[in-house]
Asks: 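Please see the structure below; I have some questions.
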Amino acid sequence: MRLLSTSATRRRIAVALSGGVDSSVAAHLLCMTNKEDILGIHMSNWDYHGDDDTSKEQKCWEQDWKDAQAVAQHLDIPIVHASFESEYWNTVFDPYITNLSRSVTPNPDIDCNRYIKFGALKDYIRKRFDIDTLATGHYARLFDPTRNTSKRSECLQAFLDDNPQNADMLDLTQPILMAARDERKDQSYFLSGVAADSFRNIMFPLGDLLKIPPNDISSTDMQSVREIATNAKLPTASKRDSMGICFIGKRSHADFVNEYIPLHASQQEQGKCINVEDGSIVTTFDPVKDISLVYSTIGQGAKISGAAQKWFVVDKPDPTTILICPGTHHPALYSDSFIVHGMNWIQGSPPLFPLKAQCRIRHLQPLVDCEIRPTIDGSSYQVSLEKPFRGIAVGQVCGVYLNGLVCMGGGAIAARGSTYLDLNKELPSSLHPAGHNDLSARS
(Lines give C-alpha, C1' and ligand atoms only; values in the text may rest on other atoms or scores of the structure.)
Protein backbone atom coordinates (compact mmCIF):
# COMPACT_ATOMS: atom_id res chain seq x y z
CA MET A 1 0.00 0.00 0.00
CA ARG A 2 1.36 3.39 -0.93
CA LEU A 3 1.80 6.26 1.49
CA LEU A 4 -0.63 9.18 1.54
CA SER A 5 0.71 12.10 -0.48
CA THR A 6 1.28 15.39 1.27
CA SER A 7 0.99 17.42 -1.92
CA ALA A 8 -0.98 20.58 -1.32
CA THR A 9 -2.07 20.70 -4.96
CA ARG A 10 -4.24 17.61 -4.67
CA ARG A 11 -7.50 17.26 -2.79
CA ARG A 12 -7.18 14.43 -0.35
CA ILE A 13 -10.19 12.29 0.51
CA ALA A 14 -10.80 9.92 3.38
CA VAL A 15 -13.15 7.06 2.56
CA ALA A 16 -14.85 5.05 5.30
CA LEU A 17 -14.06 1.37 4.62
CA SER A 18 -16.33 -0.88 6.66
CA GLY A 19 -15.20 -4.11 5.04
CA GLY A 20 -18.43 -4.42 3.04
CA VAL A 21 -19.00 -4.26 -0.69
CA ASP A 22 -20.62 -0.82 -0.72
CA SER A 23 -17.74 1.09 0.85
CA SER A 24 -15.30 -0.98 -1.21
CA VAL A 25 -16.93 0.14 -4.46
CA ALA A 26 -17.08 3.74 -3.21
CA ALA A 27 -13.32 3.64 -2.67
CA HIS A 28 -12.77 1.96 -6.04
CA LEU A 29 -14.75 4.65 -7.87
CA LEU A 30 -12.73 7.40 -6.19
CA CYS A 31 -9.47 5.70 -7.10
CA MET A 32 -10.55 5.44 -10.75
CA THR A 33 -10.42 9.21 -11.13
CA ASN A 34 -6.71 9.11 -10.25
CA LYS A 35 -6.91 12.79 -9.38
CA GLU A 36 -7.02 12.66 -5.61
CA ASP A 37 -5.13 10.93 -2.85
CA ILE A 38 -7.33 8.47 -0.98
CA LEU A 39 -7.01 7.35 2.64
CA GLY A 40 -9.07 4.43 3.91
CA ILE A 41 -10.53 4.68 7.41
CA HIS A 42 -11.93 1.68 9.27
CA MET A 43 -13.95 2.50 12.38
CA SER A 44 -14.72 0.42 15.43
CA ASN A 45 -17.39 1.78 17.75
CA TRP A 46 -17.93 -1.07 20.18
CA ASP A 47 -15.74 -2.84 22.73
CA TYR A 48 -16.57 -6.50 22.12
CA HIS A 49 -13.94 -7.59 24.64
CA GLY A 50 -16.10 -6.20 27.44
CA ASP A 51 -19.17 -8.25 26.42
CA ASP A 52 -20.20 -11.73 27.44
CA ASP A 53 -20.96 -14.29 24.73
CA THR A 54 -19.84 -12.05 21.86
CA SER A 55 -17.39 -14.37 20.15
CA LYS A 56 -19.41 -14.33 16.91
CA GLU A 57 -19.73 -10.53 16.89
CA GLN A 58 -16.03 -10.09 17.67
CA LYS A 59 -15.05 -12.48 14.92
CA CYS A 60 -17.31 -10.56 12.50
CA TRP A 61 -15.59 -7.30 13.42
CA GLU A 62 -12.14 -8.89 13.03
CA GLN A 63 -13.17 -10.22 9.62
CA ASP A 64 -14.49 -6.81 8.59
CA TRP A 65 -11.13 -5.24 9.49
CA LYS A 66 -9.28 -7.90 7.49
CA ASP A 67 -11.61 -7.35 4.52
CA ALA A 68 -11.12 -3.58 4.69
CA GLN A 69 -7.35 -4.09 4.69
CA ALA A 70 -7.61 -6.47 1.74
CA VAL A 71 -9.62 -3.90 -0.24
CA ALA A 72 -7.10 -1.17 0.57
CA GLN A 73 -4.26 -3.39 -0.55
CA HIS A 74 -6.12 -4.27 -3.75
CA LEU A 75 -6.69 -0.57 -4.50
CA ASP A 76 -3.16 0.36 -3.39
CA ILE A 77 -4.31 2.93 -0.86
CA PRO A 78 -3.24 3.38 2.78
CA ILE A 79 -5.70 2.47 5.53
CA VAL A 80 -5.87 3.25 9.23
CA HIS A 81 -8.06 2.02 12.06
CA ALA A 82 -9.84 4.50 14.31
CA SER A 83 -11.76 3.72 17.49
CA PHE A 84 -14.70 5.83 18.63
CA GLU A 85 -15.90 3.56 21.42
CA SER A 86 -16.21 6.24 24.10
CA GLU A 87 -17.90 8.72 21.73
CA TYR A 88 -20.31 6.03 20.58
CA TRP A 89 -21.17 5.03 24.13
CA ASN A 90 -21.84 8.61 25.25
CA THR A 91 -23.73 9.95 22.22
CA VAL A 92 -25.44 6.86 20.79
CA PHE A 93 -25.61 3.84 23.07
CA ASP A 94 -26.23 5.43 26.48
CA PRO A 95 -29.12 7.60 25.14
CA TYR A 96 -30.45 4.50 23.34
CA ILE A 97 -30.58 2.49 26.57
CA THR A 98 -32.00 5.42 28.54
CA ASN A 99 -34.81 5.85 26.04
CA LEU A 100 -35.62 2.14 25.98
CA SER A 101 -35.89 2.16 29.78
CA ARG A 102 -38.54 4.87 29.41
CA SER A 103 -40.53 2.86 26.82
CA VAL A 104 -39.32 5.17 24.05
CA THR A 105 -38.38 3.73 20.63
CA PRO A 106 -35.04 5.28 19.57
CA ASN A 107 -33.10 4.84 16.32
CA PRO A 108 -29.36 4.38 17.03
CA ASP A 109 -28.46 4.26 13.32
CA ILE A 110 -29.60 7.87 12.87
CA ASP A 111 -27.66 8.98 15.95
CA CYS A 112 -24.58 7.09 14.75
CA ASN A 113 -24.60 8.99 11.48
CA ARG A 114 -25.14 12.31 13.21
CA TYR A 115 -22.62 12.02 16.02
CA ILE A 116 -20.06 9.46 14.84
CA LYS A 117 -19.73 9.09 11.05
CA PHE A 118 -20.38 12.74 10.21
CA GLY A 119 -19.25 14.06 13.57
CA ALA A 120 -16.40 12.35 15.39
CA LEU A 121 -14.99 10.69 12.25
CA LYS A 122 -15.04 13.91 10.27
CA ASP A 123 -13.30 15.76 13.10
CA TYR A 124 -10.73 12.95 13.38
CA ILE A 125 -9.61 13.02 9.73
CA ARG A 126 -9.36 16.80 9.81
CA LYS A 127 -7.28 16.98 12.99
CA ARG A 128 -5.21 13.85 12.46
CA PHE A 129 -4.59 14.00 8.69
CA ASP A 130 -5.63 17.54 7.70
CA ILE A 131 -8.31 16.05 5.40
CA ASP A 132 -11.60 17.89 5.00
CA THR A 133 -13.40 15.60 2.55
CA LEU A 134 -15.04 12.35 3.61
CA ALA A 135 -16.63 9.75 1.33
CA THR A 136 -18.87 6.90 2.47
CA GLY A 137 -20.77 4.02 0.88
CA HIS A 138 -24.21 5.39 1.78
CA TYR A 139 -26.96 5.12 -0.81
CA ALA A 140 -27.94 8.78 -1.00
CA ARG A 141 -27.30 11.82 -3.19
CA LEU A 142 -25.97 15.15 -2.06
CA PHE A 143 -25.59 18.60 -3.54
CA ASP A 144 -22.69 20.16 -1.68
CA PRO A 145 -22.08 23.81 -2.62
CA THR A 146 -18.52 23.55 -1.31
CA ARG A 147 -17.75 20.98 -4.03
CA ASN A 148 -20.43 21.54 -6.70
CA THR A 149 -20.25 25.29 -7.11
CA SER A 150 -21.72 25.33 -10.61
CA LYS A 151 -22.89 21.84 -11.56
CA ARG A 152 -26.10 20.35 -10.19
CA SER A 153 -27.15 16.75 -10.55
CA GLU A 154 -29.80 15.94 -13.13
CA CYS A 155 -32.31 14.91 -10.47
CA LEU A 156 -31.88 18.16 -8.52
CA GLN A 157 -32.11 20.28 -11.65
CA ALA A 158 -35.26 18.41 -12.73
CA PHE A 159 -36.73 19.05 -9.27
CA LEU A 160 -36.01 22.77 -9.56
CA ASP A 161 -37.36 22.96 -13.12
CA ASP A 162 -40.51 20.97 -12.32
CA ASN A 163 -42.10 23.75 -10.28
CA PRO A 164 -40.87 27.34 -9.79
CA GLN A 165 -41.93 27.12 -6.14
CA ASN A 166 -39.46 24.30 -5.54
CA ALA A 167 -36.55 26.70 -5.94
CA ASP A 168 -38.10 28.94 -3.28
CA MET A 169 -38.09 25.99 -0.85
CA LEU A 170 -34.32 25.48 -1.02
CA ASP A 171 -31.23 27.51 -0.23
CA LEU A 172 -28.65 26.53 -2.84
CA THR A 173 -25.85 27.82 -0.62
CA GLN A 174 -26.61 24.97 1.80
CA PRO A 175 -26.13 21.21 1.32
CA ILE A 176 -29.15 19.41 -0.15
CA LEU A 177 -29.68 15.75 0.74
CA MET A 178 -31.57 13.63 -1.79
CA ALA A 179 -32.83 10.06 -1.95
CA ALA A 180 -30.68 7.53 -3.79
CA ARG A 181 -31.48 6.37 -7.29
CA ASP A 182 -31.93 2.84 -5.94
CA GLU A 183 -35.20 3.10 -4.00
CA ARG A 184 -34.64 -0.37 -2.49
CA LYS A 185 -31.37 0.71 -0.85
CA ASP A 186 -31.98 4.43 -0.20
CA GLN A 187 -30.47 5.46 3.15
CA SER A 188 -31.47 9.13 3.21
CA TYR A 189 -33.82 8.40 6.13
CA PHE A 190 -30.84 7.35 8.27
CA LEU A 191 -29.12 10.62 7.31
CA SER A 192 -32.07 12.88 8.17
CA GLY A 193 -30.60 13.76 11.56
CA VAL A 194 -27.27 15.04 10.24
CA ALA A 195 -26.80 18.79 10.63
CA ALA A 196 -26.34 21.02 7.57
CA ASP A 197 -22.69 21.93 8.22
CA SER A 198 -21.77 18.27 8.68
CA PHE A 199 -22.73 17.58 5.06
CA ARG A 200 -20.14 19.99 3.72
CA ASN A 201 -17.26 18.22 1.93
CA ILE A 202 -19.11 14.90 1.96
CA MET A 203 -19.24 12.52 -1.01
CA PHE A 204 -21.65 9.65 -1.71
CA PRO A 205 -20.21 7.89 -4.78
CA LEU A 206 -22.99 5.27 -4.85
CA GLY A 207 -25.92 7.69 -4.93
CA ASP A 208 -26.68 7.25 -8.63
CA LEU A 209 -26.03 3.50 -8.77
CA LEU A 210 -28.20 0.43 -8.32
CA LYS A 211 -27.05 -2.21 -5.84
CA ILE A 212 -27.89 -5.14 -8.10
CA PRO A 213 -28.76 -5.28 -11.82
CA PRO A 214 -32.44 -4.51 -12.61
CA ASN A 215 -34.72 -7.28 -13.85
CA ASP A 216 -35.03 -5.43 -17.12
CA ILE A 217 -31.40 -5.30 -18.27
CA SER A 218 -32.33 -2.95 -21.12
CA SER A 219 -33.57 -0.36 -18.64
CA THR A 220 -30.05 0.85 -17.85
CA ASP A 221 -26.62 0.81 -19.38
CA MET A 222 -24.95 1.56 -16.07
CA GLN A 223 -23.22 -1.14 -14.06
CA SER A 224 -24.61 -2.03 -10.63
CA VAL A 225 -22.52 -1.91 -7.46
CA ARG A 226 -22.24 -5.70 -7.39
CA GLU A 227 -21.17 -5.78 -11.05
CA ILE A 228 -18.57 -3.08 -10.48
CA ALA A 229 -17.18 -5.01 -7.51
CA THR A 230 -17.02 -8.23 -9.51
CA ASN A 231 -15.41 -6.64 -12.56
CA ALA A 232 -12.87 -4.83 -10.39
CA LYS A 233 -12.11 -8.12 -8.60
CA LEU A 234 -12.65 -6.48 -5.23
CA PRO A 235 -12.11 -8.94 -2.33
CA THR A 236 -15.60 -8.11 -0.98
CA ALA A 237 -17.46 -8.56 -4.29
CA SER A 238 -19.49 -11.54 -3.05
CA LYS A 239 -19.70 -10.60 0.63
CA ARG A 240 -23.20 -10.58 2.08
CA ASP A 241 -24.75 -7.35 3.36
CA SER A 242 -24.79 -6.78 7.11
CA MET A 243 -28.21 -6.31 8.71
CA GLY A 244 -29.52 -5.09 12.05
CA ILE A 245 -28.09 -2.83 14.75
CA CYS A 246 -24.30 -3.07 14.63
CA PHE A 247 -23.57 -3.55 18.34
CA ILE A 248 -26.26 -6.24 18.79
CA GLY A 249 -25.30 -8.40 15.83
CA LYS A 250 -27.21 -11.66 15.68
CA ARG A 251 -28.14 -11.68 19.35
CA SER A 252 -31.72 -11.28 20.59
CA HIS A 253 -32.50 -7.59 21.02
CA ALA A 254 -34.37 -8.21 24.29
CA ASP A 255 -31.60 -10.40 25.72
CA PHE A 256 -28.97 -7.83 24.78
CA VAL A 257 -30.62 -4.71 26.21
CA ASN A 258 -31.64 -6.63 29.33
CA GLU A 259 -27.94 -6.73 30.24
CA TYR A 260 -27.86 -2.93 30.42
CA ILE A 261 -31.28 -2.01 31.83
CA PRO A 262 -31.83 -3.29 35.36
CA LEU A 263 -35.48 -3.53 36.34
CA HIS A 264 -36.45 -1.55 39.43
CA ALA A 265 -37.97 -3.47 42.32
CA SER A 266 -41.45 -2.24 41.41
CA GLN A 267 -40.94 -3.40 37.81
CA GLN A 268 -39.99 -6.91 38.88
CA GLU A 269 -43.49 -7.50 40.15
CA GLN A 270 -46.11 -9.15 37.95
CA GLY A 271 -46.62 -7.42 34.61
CA LYS A 272 -49.93 -7.30 32.79
CA CYS A 273 -51.22 -7.11 29.22
CA ILE A 274 -54.46 -5.15 29.05
CA ASN A 275 -57.05 -5.31 26.27
CA VAL A 276 -57.33 -1.74 25.01
CA GLU A 277 -60.96 -2.34 23.98
CA ASP A 278 -62.44 -3.09 27.40
CA GLY A 279 -59.62 -2.76 29.95
CA SER A 280 -59.63 -6.46 30.82
CA ILE A 281 -56.38 -8.23 31.69
CA VAL A 282 -55.58 -10.68 28.89
CA THR A 283 -52.58 -12.17 30.67
CA THR A 284 -49.96 -11.51 33.29
CA PHE A 285 -46.26 -12.13 32.92
CA ASP A 286 -42.99 -12.26 34.85
CA PRO A 287 -40.87 -9.27 33.72
CA VAL A 288 -37.69 -11.08 34.68
CA LYS A 289 -38.44 -14.10 32.48
CA ASP A 290 -40.64 -12.63 29.72
CA ILE A 291 -38.27 -9.87 28.65
CA SER A 292 -39.58 -9.91 25.08
CA LEU A 293 -42.76 -8.25 26.39
CA VAL A 294 -40.82 -5.75 28.51
CA TYR A 295 -38.88 -4.50 25.47
CA SER A 296 -41.62 -4.87 22.86
CA THR A 297 -42.36 -1.84 20.68
CA ILE A 298 -45.58 -0.22 19.48
CA GLY A 299 -47.15 -2.21 16.64
CA GLN A 300 -45.10 -5.32 17.39
CA GLY A 301 -46.75 -8.65 18.04
CA ALA A 302 -47.21 -9.44 21.74
CA LYS A 303 -45.93 -12.95 22.39
CA ILE A 304 -48.64 -14.39 24.63
CA SER A 305 -48.36 -18.11 25.27
CA GLY A 306 -51.52 -20.08 24.54
CA ALA A 307 -53.43 -17.14 23.06
CA ALA A 308 -56.18 -18.16 20.62
CA GLN A 309 -55.55 -15.08 18.45
CA LYS A 310 -52.68 -12.71 17.67
CA TRP A 311 -52.31 -9.65 19.88
CA PHE A 312 -50.35 -6.48 19.11
CA VAL A 313 -48.79 -3.80 21.31
CA VAL A 314 -50.75 -0.51 21.28
CA ASP A 315 -49.01 1.42 24.05
CA LYS A 316 -46.72 1.00 27.05
CA PRO A 317 -47.46 3.34 29.97
CA ASP A 318 -44.49 1.63 31.64
CA PRO A 319 -42.33 -1.43 30.82
CA THR A 320 -44.61 -3.83 32.70
CA THR A 321 -48.00 -2.40 31.70
CA ILE A 322 -48.73 -3.19 28.07
CA LEU A 323 -51.89 -2.18 26.24
CA ILE A 324 -52.69 -4.66 23.47
CA CYS A 325 -55.31 -5.20 20.79
CA PRO A 326 -56.51 -8.18 18.75
CA GLY A 327 -55.52 -8.12 15.07
CA THR A 328 -52.77 -6.43 13.07
CA HIS A 329 -55.10 -3.83 11.53
CA HIS A 330 -56.92 -2.74 14.67
CA PRO A 331 -58.03 0.94 14.83
CA ALA A 332 -56.03 1.32 18.06
CA LEU A 333 -52.81 0.90 16.06
CA TYR A 334 -53.54 3.71 13.60
CA SER A 335 -53.27 7.46 13.87
CA ASP A 336 -53.08 10.23 11.27
CA SER A 337 -51.19 12.82 13.30
CA PHE A 338 -48.26 13.19 15.67
CA ILE A 339 -45.94 15.79 17.22
CA VAL A 340 -42.25 16.03 16.31
CA HIS A 341 -39.76 17.66 18.67
CA GLY A 342 -36.16 18.66 18.02
CA MET A 343 -36.54 18.78 14.24
CA ASN A 344 -33.28 18.88 12.28
CA TRP A 345 -33.72 21.01 9.16
CA ILE A 346 -30.82 20.07 6.88
CA GLN A 347 -31.04 23.43 5.12
CA GLY A 348 -30.12 25.02 8.42
CA SER A 349 -33.42 26.83 9.06
CA PRO A 350 -37.11 25.89 8.94
CA PRO A 351 -39.00 26.23 5.62
CA LEU A 352 -42.13 28.29 5.11
CA PHE A 353 -45.25 26.91 6.79
CA PRO A 354 -47.61 25.26 6.36
CA LEU A 355 -45.30 22.82 4.58
CA LYS A 356 -46.90 20.32 2.24
CA ALA A 357 -44.47 17.42 1.98
CA GLN A 358 -44.15 13.66 2.37
CA CYS A 359 -42.85 11.71 5.33
CA ARG A 360 -41.97 8.28 6.68
CA ILE A 361 -41.33 6.99 10.19
CA ARG A 362 -39.39 3.87 9.24
CA HIS A 363 -36.53 3.12 6.88
CA LEU A 364 -37.81 2.59 3.31
CA GLN A 365 -41.45 2.93 4.37
CA PRO A 366 -43.37 4.28 1.34
CA LEU A 367 -43.79 8.02 1.70
CA VAL A 368 -47.18 9.52 2.47
CA ASP A 369 -48.39 13.07 1.86
CA CYS A 370 -48.50 15.25 4.93
CA GLU A 371 -48.82 18.84 6.14
CA ILE A 372 -46.48 20.23 8.78
CA ARG A 373 -47.16 23.24 11.01
CA PRO A 374 -45.39 24.62 14.08
CA THR A 375 -47.19 24.07 17.37
CA ILE A 376 -48.67 27.10 19.13
CA ASP A 377 -45.66 27.53 21.41
CA GLY A 378 -43.30 27.09 18.45
CA SER A 379 -41.23 24.38 20.17
CA SER A 380 -42.44 21.45 18.06
CA TYR A 381 -44.26 20.55 14.84
CA GLN A 382 -47.67 19.06 14.19
CA VAL A 383 -47.62 16.50 11.36
CA SER A 384 -50.98 15.67 9.77
CA LEU A 385 -51.07 12.66 7.45
CA GLU A 386 -53.19 12.05 4.36
CA LYS A 387 -53.33 8.36 5.35
CA PRO A 388 -52.93 7.01 8.88
CA PHE A 389 -49.69 5.33 9.93
CA ARG A 390 -49.66 2.07 11.83
CA GLY A 391 -47.63 1.72 15.03
CA ILE A 392 -46.55 5.33 15.63
CA ALA A 393 -44.21 5.29 18.62
CA VAL A 394 -42.60 8.02 20.69
CA GLY A 395 -38.92 8.25 19.76
CA GLN A 396 -39.30 7.11 16.17
CA VAL A 397 -37.82 9.55 13.69
CA CYS A 398 -40.03 11.24 11.12
CA GLY A 399 -38.13 11.91 7.89
CA VAL A 400 -39.53 14.74 5.77
CA TYR A 401 -39.25 14.88 1.95
CA LEU A 402 -40.19 17.11 -0.96
CA ASN A 403 -41.41 15.39 -4.13
CA GLY A 404 -40.06 12.12 -2.78
CA LEU A 405 -36.53 13.33 -3.58
CA VAL A 406 -35.19 16.07 -1.32
CA CYS A 407 -34.85 15.07 2.33
CA MET A 408 -35.54 18.22 4.33
CA GLY A 409 -34.55 16.63 7.64
CA GLY A 410 -36.02 14.64 10.48
CA GLY A 411 -36.96 14.70 14.13
CA ALA A 412 -38.10 12.40 16.92
CA ILE A 413 -41.80 11.84 17.55
CA ALA A 414 -42.74 13.30 20.93
CA ALA A 415 -46.43 12.32 20.99
CA ARG A 416 -48.87 10.33 18.90
CA GLY A 417 -52.23 11.82 17.99
CA SER A 418 -55.51 10.18 18.88
CA THR A 419 -55.91 6.69 17.45
CA TYR A 420 -58.82 5.70 15.24
CA LEU A 421 -60.15 3.72 18.21
CA ASP A 422 -60.04 6.85 20.39
CA LEU A 423 -61.93 8.76 17.71
CA ASN A 424 -64.37 5.90 17.07
CA LYS A 425 -63.34 6.25 13.45
CA GLU A 426 -63.30 3.57 10.76
CA LEU A 427 -60.07 2.76 9.01
CA PRO A 428 -59.86 3.71 5.32
CA SER A 429 -60.30 0.91 2.80
CA SER A 430 -56.73 1.46 1.63
CA LEU A 431 -54.09 1.26 4.36
CA HIS A 432 -50.56 2.61 4.08
CA PRO A 433 -47.77 0.02 4.50
CA ALA A 434 -46.06 0.12 7.90
CA GLY A 435 -42.75 -0.63 6.17
CA HIS A 436 -41.21 -1.51 2.82
CA ASN A 437 -41.85 -5.24 3.36
CA ASP A 438 -45.34 -4.92 4.82
CA LEU A 439 -47.50 -7.19 2.70
CA SER A 440 -50.49 -7.08 5.04
CA ALA A 441 -51.65 -3.53 4.23
CA ARG A 442 -55.02 -3.38 2.51
CA SER A 443 -55.13 -1.71 -0.90
Side-chain angles (χ1 to χ4, degrees), residues 1-6 10 12-49 54-85 88 109 112-113 116-117 120-122 124-125 128-129 131 133-139 182 185 187 202-207 209-213 223-250:
M1 291 182 289
R2 61 180 172 83
L3 297 175
L4 187 68
S5 169
T6 57
R10 293 187 177 188
R12 295 186 292 169
I13 298 176
V15 57
L17 279 174
S18 66
V21 65
D22 294 329
S23 62
S24 301
V25 170
H28 165 71
L29 293 174
L30 292 173
C31 290
M32 283 182 63
T33 64
N34 200 31
K35 296 178 181 177
E36 296 139 320
D37 288 329
I38 312 298
L39 171 67
I41 299 280
H42 182 79
M43 294 191 306
S44 62
N45 300 327
W46 190 258
D47 180 12
Y48 292 106
H49 298 284
T54 60
S55 57
K56 289 183 179 180
E57 284 70 31
Q58 182 173 335
K59 288 180 180 178
C60 286
W61 174 81
E62 292 172 350
Q63 186 60 52
D64 287 341
W65 171 225
K66 290 179 181 178
D67 290 340
Q69 290 175 297
V71 169
Q73 184 173 14
H74 180 81
L75 297 175
D76 191 26
I77 62 173
I79 185 171
V80 297
H81 170 262
S83 173
F84 300 104
E85 292 172 7
Y88 190 90
D109 293 321
C112 182
N113 281 324
I116 306 301
K117 292 177 182 175
L121 175 59
K122 200 177 177 188
Y124 172 78
I125 62 172
R128 178 71 175 80
F129 300 103
I131 297 177
T133 303
L134 173 67
T136 75
H138 284 92
Y139 285 86
D182 193 336
K185 302 299 292 185
Q187 293 175 304
I202 293 296
M203 300 175 68
F204 297 137
L206 308 186
L209 300 177
L210 300 178
K211 179 63 177 277
I212 59 175
Q223 286 186 322
S224 69
V225 168
R226 284 289 182 187
E227 288 173 323
I228 293 173
T230 300
N231 294 336
K233 296 182 172 55
L234 295 177
T236 55
S238 60
K239 188 174 182 179
R240 297 179 61 182
D241 294 342
S242 59
M243 304 293 288
I245 301 174
C246 58
F247 52 78
I248 295 180
K250 296 182 179 180

Asks: For the atom pair NZ (Lys211) and OH (Tyr139), what is the distance rounded to the nearest 0.5 Å?
Replies: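 Interatomic distance, Lys211 NZ to Tyr139 OH, rounded to 0.5 Å: 4.0 Å.
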
Asks: Show the nearest heavy-atom pair for residues Ser18 and Gly20, with the distance to one decimal.
Replies: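 The pair with the smallest heavy-atom distance is OG-N, 3.2 Å.
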
Asks: Is there a donor-acceptor contact under 3.5 Å from the side chain of Arg12 to the main chain of Ile38?
Replies: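 Judged by distance alone, no pair lies under 3.5 Å.
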
Asks: Which value, rounded to the nearest 0.5 Å, describes the distance between Asp67 atom CG and Ser24 atom OG?
Replies: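 If I round to the nearest 0.5 Å, the distance is 7.5 Å.
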
Asks: Start with the C-alpha gap between Leu75 and Leu234, add the side-chain angles, then the distance that decides, and say whether side-chain contact (heavy atoms from CB on, under 4.5 Å) holds.
Replies: CA-CA 8 Å; Leu75 297 175; Leu234 295 177; 4.0 Å; yes

Asks: Out of Ile212, Leu206, Thr230, Leu210, which residue meets the side chain to side chain contact (heavy atoms under 4.5 Å, CB included) rule with Val225?
Replies: Leu206

Asks: Within the distance-only criterion (no hydrogens, no angle test), does the side chain of His42 pair as donor or acceptor with the backbone N or O of Leu17 below 3.5 angstrom?
Replies: yes

Asks: Using side-chain contact (heavy atoms from CB on, under 4.5 Å), reason through Ile125 and Leu39 one step at a time and then give a plain yes or no.
Replies: CA-CA 9 Å; Ile125 62 172; Leu39 171 67; 5.6 Å; no

Asks: Could you tell me which non-hydrogen atom of Ala27 sits nearest to which non-hydrogen atom of Val15, and how far apart they are?
Replies: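 Answer, listing the atom of Ala27 first, then Val15: CB-CG1, 3.9 Å.
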
Asks: Where the side chain of His74 meets the backbone of Ala232, is there a donor-acceptor pair that is under 3.5 Å apart?
Replies: yes

Asks: What closest approach, in Å, do Ala16 and Ser23 show between heavy atoms, and which atom pair accounts for it?
Replies: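 What the structure gives for the nearest pair is O-CB, 3.1 Å.
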
Asks: Can you see which heavy atom on Ala68 is nearest to which on Ile79, and at what distance?
Replies: O-CD1, 3.6 Å

Asks: Evaluate the side-chain contact (heavy atoms from CB on, under 4.5 Å) criterion for residues Phe129 and Tyr124: first the C-alpha distance (whole Å), next the side-chain angles of each, then the deciding distance (0.1 Å), finally the verdict.
Replies: CA-CA 8 Å; Phe129 300 103; Tyr124 172 78; 3.8 Å; yes

Asks: Report the distance from atom CG of Leu30 to atom OG1 of Thr133, rounding to the nearest 0.5 Å.
Replies: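 One gets 10.0 Å once the value is rounded to the nearest 0.5 Å.
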
Asks: Can you tell me how far NZ of Lys117 sits from CE of Met43, rounded to the nearest 0.5 angstrom?
Replies: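 Between Met43 CE and Lys117 NZ, I get 5.5 Å after rounding to 0.5 Å.
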
Asks: Would you check, one step at a time, whether the test side-chain contact (heavy atoms from CB on, under 4.5 Å) holds for Met203 with Ile13?
Replies: CA-CA 9 Å; Met203 300 175 68; Ile13 298 176; 3.5 Å; yes

Asks: Test salt bridge (charged side-chain N to carboxylate O under 4.0 Å, His left out) on Lys185 and Asp22; report intermediate values, then the result.
Replies: CA-CA 11 Å; Lys185 302 299 292 185; Asp22 294 329; 5.5 Å; no

Asks: Write down the atom of Gly137, the atom of Gln187, and the distance for their closest heavy-atom approach.
Replies: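 In this case the closest contact between Gly137 and Gln187 is O-OE1, 4.1 Å.
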
Asks: If you look at every heavy atom in Phe84 and Ile116, which pair is closest and at what distance?
Replies: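 So the minimum-distance heavy-atom pair works out to CB-CG2, 4.3 Å.
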
Asks: Ignoring hydrogens and angles, tell me if any N or O in the side chain of Lys122 forms a donor-acceptor pair with the backbone of Ile202 under 3.5 Å.
Replies: no

Asks: Within this structure, what is the NE2-CE distance for the pair His28 and Met32, rounded to the nearest 0.5 Å?
Replies: 5.0 Å

Asks: Mind checking whether Asp182 and Leu209 have side chains closer than 4.5 Å, heavy atoms only?
Replies: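 Result no, sub-4.5 Å side-chain heavy-atom pair not found.
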
Asks: Working to the nearest 0.5 angstrom, can you tell me the gap between Thr236 OG1 and Asp64 CG?
Replies: 10.5 Å

